[in-house]
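Here the structure comes first, spelled out in structure tokens, and everything after it is commentary.
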Amino acid sequence: MIPFLDMKSVYTELKPELDAAYLRVMESGWFVLGKEVEAFEAEYAAFCGTKHCVGLGNGLEALELALRAWDIGAGDEVIVPSNTYIATWLAVTAVGARVVPVEPTPGGPNIDPERIAAAITSRTRAIMPVHLYGQPADMDAIMALASKHGLKVIEDVAQAQGAKVRGRRTGSLADAGAHSFFPSKNIGAFGDGGAVTTDDPRLAERLRTLRNYGSRVKYVNLEKGLNSRLDELQAAFLRVKLTKLDEWNDRRRKVAARYDDRLSDLPSLALPNVPQWADPVWHLYVVRTNRRADLVRALEAAGIGSLIHYPIPPHLQDAYAELDQGKGTYPLAEKLAETVLSLPMGPHMPLESVDQVCAVIRETFAA
Ligand SMILES: *Cc1c(COP(=O)(O)O)cnc(C)c1O
């Protein structure tokens, strides 16, 4: 049996450090907005290469609160990828703005800058690129467009913590970066968590207010905020995980390289294509094939986990029925939804297991 993602080994590898973090918080008697969150924010900002980090409740609210902090809402348009996890879209519609989906580059996975240019209108306020699967989006081109048209850019870094574009970390490449610490992400908590990284002190200050009932001083409410705080226990765990993030991303790179090596000659399988300017962190290793159903069946029979990210693009979800964008509206995203398959991946996956997965794939395509 080869699991899609081995989560148990996280605790096995870091048990003494995680247990110590747990005890430190329990014995402190302080559980919300204390020393651990403050320390994690400083450490994570330093890791990303930004001046500020604000710990939040989860990744979706990190995206949403950044938009709210810029007063983006009704009447505004935000450019989002047609090919993404639905959270990216939900953040935009939650603030009352309109999603303007843009297709990926051919073969994907990320938003195509040339198509962004064609989607900008007088109502456009922001672009929200996603570094899907841990593959950085083309930020140089996106930032050039944003600067030409006076738009804000927020990176959705949920799947790409530690990735780089020309040596600079994702999360530091735009006006803001929204991070998720959902357990399965490259740096995950043991529960929910999120953050925004930024160099802008005004944005950071507004987020600190918004996450805490619109308040900076107890019982004095400057605006209608919400409750979206990273909690002390998760922050303490994340501080432990952060010390391993680069090393664990390196182990993911080795797994990806092994897949590349063992599968590159198969004509019916398209492997991830990494631009020379990008240093991805392999949140997922996603292949494309027209024979996906056969492959899933063979992997399942061999006890190997696989998943589809994502089987239904946001515009075809019932949640967005009101947009009336039926099948055929975003053909590139739809084609990806029909052909992508994520193979087992993770920092604890032995290379021998990669070889076993590859053997099953080769057998399937030889038949
Ligand atoms: C996980 C994820 C999110 C949302 O993060 P949560 O912490 O689960 O709210 C947003 N965008 C992308 C691309 C994600 O993968």
Side-chain angles (χ1 to χ4, degrees), residues 4-5 7 40 44 53-68 78-95 99 101-102 104 108-111 126-137 139 142 153-163 170-171 173-174 176-197 207 210-211 226-231 234-235 237-238 241 249 252 280-286 307-315 317 319-320 333 336-337 340 342 345-346:
F4 176 72
L5 172 65
M7 296 275 284
F40 174 71
Y44 196 60
C53 167
V54 181
L56 301 166
N58 55 67
L60 172 57
E61 288 171 353
L63 290 164
E64 181 187 333
L65 288 180
L67 296 175
R68 278 187 61 173
V78 177
I79 291 174
V80 296
S82 59
N83 184 52
T84 183
Y85 180 55
I86 197 167
T88 320
W89 288 38
L90 289 174
V92 175
T93 47
V95 301
V99 286
V102 166
N110 289 320
I111 195 164
I127 309 171
M128 203 179 252
V130 180
H131 308 300
L132 205 63
Y133 312 149
Q135 305 284 344
M139 292 306 294
I142 292 168
V153 177
I154 174 165
E155 301 169 74
D156 181 338
V157 197
Q159 302 191 0
Q161 300 100 339
T170 51
L173 304 170
H179 306 251
S180 163
F181 305 122
F182 184 75
S184 65
K185 310 289 183 178
N186 288 38
I187 172 170
F190 295 82
D192 279 307
V196 166
T197 50
L207 288 168
L210 281 170
R211 75 174 171 185
L226 63 159
N227 178 351
S228 181
R229 303 172 297 216
L230 179 64
D231 73 60
Q234 298 306 338
F237 293 144
L238 286 166
K241 299 277 293 281
N249 281 340
R252 289 173 181 271
V281 287
W282 303 103
H283 175 61
L284 298 168
Y285 187 90
V286 179
L307 288 172
I308 295 168
H309 297 94
Y310 295 91
I312 306 172
H315 71 280
Q317 298 280 2
Y320 284 105
L336 287 169
V340 290
S342 306
M345 164 56 78

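Nothing fancy with the numbering, it's 1 onward along the sequence. A quick note: this is a predicted structure, and the numbers were derived from the prediction, not measured. First listed ligand is number 1; within each ligand, the first listed atom is number 1. Side-chain atoms are counted along with the backbone in the values below, which use heavy atoms only and exclude waters and symmetry mates.
- You'll find the side chain of H179 reaches within 4.5 Å of the side chain of Y44, heavy atoms only.
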Validation: residues 180-192 side-chain donor-acceptor distances under 3.5 Å, sequence neighbours left out:
residue, atom, partner, partner atom, Å
S180, OG, F182, N, 3.1
N186, OD1, H283, ND1, 2.9
N186, ND2, N249, OD1, 2.9
N186, ND2, V281, O, 3.0

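- Residues Y310 and T84 bring no donor and acceptor atom of their side chains to less than 3.5 Å of each other.
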Run the side-chain donor-acceptor check on residues 129-137: report pairs under 3.5 Å with partners two or more places apart or on a different chain.
residue, atom, partner, partner atom, Å
H131, ND1, A137, N, 2.9
H131, NE2, E155, OE1, 2.8
Y133, OH, H309, O, 2.9

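- Residues that satisfy the side-chain contact (heavy atoms from CB on, under 4.5 Å) test with P313, not counting sequence neighbours, are H315, L316, A333, E334, A337.
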Practice task
List the steps, then state whether side-chain contact (heavy atoms from CB on, under 4.5 Å) holds for V80 with I127.
Solution key: CA-CA 6 Å; V80 296; I127 309 171; over 6 Å; no
So what's ligand 1 close to, N/O to N/O, under 3.5 Å?
residue, atom, partner, partner atom, Å
ligand 1, 5 (O), S180, OG, 3.2
ligand 1, 7 (O), G59, N, 2.8
ligand 1, 7 (O), S180, OG, 2.6
ligand 1, 9 (O), G59, N, 3.3
ligand 1, 9 (O), L60, N, 2.9
ligand 1, 11 (N), D156, OD1, 3.3
ligand 1, 11 (N), D156, OD2, 2.7
ligand 1, 15 (O), Q159, NE2, 2.8
ligand 1, 15 (O), K185, NZ, 2.7

